[in-house]
Amino acid sequence: MPELPEVEVVRRGLANWVAGRTVSGVDVLHPRAVRRQPAGAADFAARLTGTTLGAAQRRGKYLWVPLAGPGGPAAGGGFSLIGHLGMSGQLLVQDPTVPDETHLRVRLRFTDGGRELRFVDQRTFGGLAVEEAEDGDPEGTPVSIAHIARDPLDPRFDDAVFVAALRARRTTVKRALLDQTLISGVGNIYADEALWRSRLHYDRPTATLTRPQVALLLANAREVMAAALAVGGTSFDSLYVNVNGESGYFSRDLDAYGREHEPCRRCGTAIRRAAWMNRSSYFCPRCQRAPRLRAGG
DNA sequence: ACGTTTTCCTGAGCGC
DNA sequence: TGCGCTCAGGAAAACG
């Protein structure tokens, strides 16, 4: 499941392999992959064809590639190719002779006749679109992601603002970590890892956390994602790979996620898995004590 | 306005 | 062998 480190690995791959190349043609093999393109698949293809791809950018789990038109950089009009991998999306740089993948959704061909860019997505939660940048934004952030918060690896992420905003929420801590308008890039895996490192239970009300506790949680989220990025991200199966189809190695370094019944690496207690919001939360029942239920009524 | 729940999707894994 | 069920989960949309 691609979260910030995995998406960053893909961003680097795009910067290496497709920047500076001009699109000669686009095949949309599944309309759902471009469902965020208001005018549909044909419009998506028309807006891309003939443009030259710039250096890939990222905010949280979103990627975008600035487009330059045939008339020069300005002629792109501030448009970008924006993408989200969802749960199972892959962007692969693939030789044209390689047979189409089973779940190939979109293909970009280039004027140099070299390796294609393929968007492959089994569960189709991900997608691509061509979009205009937010008016006057020097970073060229596409309009549809203007509400996404900066991520903790962004130098302009404001720690103090985040700490205050999280404590002001009337919700629980894991919900807040997964709220992309508060902090972006954190998904289920790194949320559980950051909570384990911080010895916090996922159901702790945010309002009960002290400023130092939230600051520590943020530092741990940042650390665990940086460590995962350093080894190519987390892969449980073939669903997350870099643009060359290779898996990352962080899954063996996880302390909580996916470790049900295995001993906590701090205290030896068996890690538990709890149903949480139609998904799972992994935690150490000893290190991460559940909040005391309020004696109501 | 804000917080919570539902919805979208497909393949792996499992019990019977 | 195959059917039905559960699970994986990001984030927009719908709901309260």
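Below, read A as the first sequence line, B as the second, and so on, with proteins coming before strands; counting in each chain starts at 1. What's counted below: heavy atoms across the whole structure, side chains too, no hydrogens, waters or symmetry copies.
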Measure from the side chain of [X], starting at C-beta and using heavy atoms only, and say which of [options] lies closest.
X	options	answer
A:N278	B:dT10, B:dT7, C:dG10	B:dT7
A:F125	C:dA8, C:dG10, B:dG3	C:dG10
A:R273	C:dC7, B:dT4, B:dT6	C:dC7
A:R32	C:dA8, C:dA12, B:dC8	B:dC8
A:H84	B:dT4, C:dA11, B:dC9	C:dA11

Rounded off to whole Å, could you give me the [atom1]-to-[atom2] distance for the [X] and [N] pair?
X	N	atom1	atom2	answer
A:M277	B:dC8	CE	P	17 Å
A:E131	C:dA12	CD	C1'	14 Å
A:D179	C:dA12	CG	C1'	13 Å
A:L182	C:dA11	CG	P	14 Å
A:L178	B:dG3	CG	P	15 Å
A:H30	B:dC9	NE2	C1'	9 Å
A:R35	C:dA13	CZ	P	10 Å
A:R36	C:dG10	CZ	P	15 Å

Between [X] and [N], is there a contact of a side-chain N or O with OP1 or OP2 at under 4.0 Å?
X	N	value
A:Y62	C:dA12	yes
A:Q122	B:dG11	no
A:S88	B:dG11	no
A:R175	B:dT5	yes
A:T124	B:dT10	no
A:H103	B:dG11	yes

Using a strict threshold of under 4.0 Å (side-chain N to carboxylate O), is an ion pair present between [Y] and [X]?
X	Y	result
A:K61	A:E3	no
A:E8	A:R12	yes
A:R265	A:D255	yes
A:E139	A:R156	yes

>> If you assign A:T172 and A:R279 each to the DNA chain B nucleotide with the nearest heavy atom, which residue ends up on the more 5' nucleotide?
In response: A:T172

>> Quick check: on DNA chain C, is the nucleotide nearest A:H147 upstream (toward 5') of the one nearest A:S280, or the reverse? Name the residue that is more 5'.
In response: A:S280

>> One pair to check against side-chain contact (heavy atoms from CB on, under 4.5 Å): A:C284 and A:W196. What are the steps and the verdict?
In response: CA-CA 7 Å; A:C284 170; A:W196 182 87; 4.1 Å; yes

>> How long is the straight-line distance from CG of A:L216 back to CZ of A:R197, given to the nearest 0.5 Å?
In response: 10.5 Å

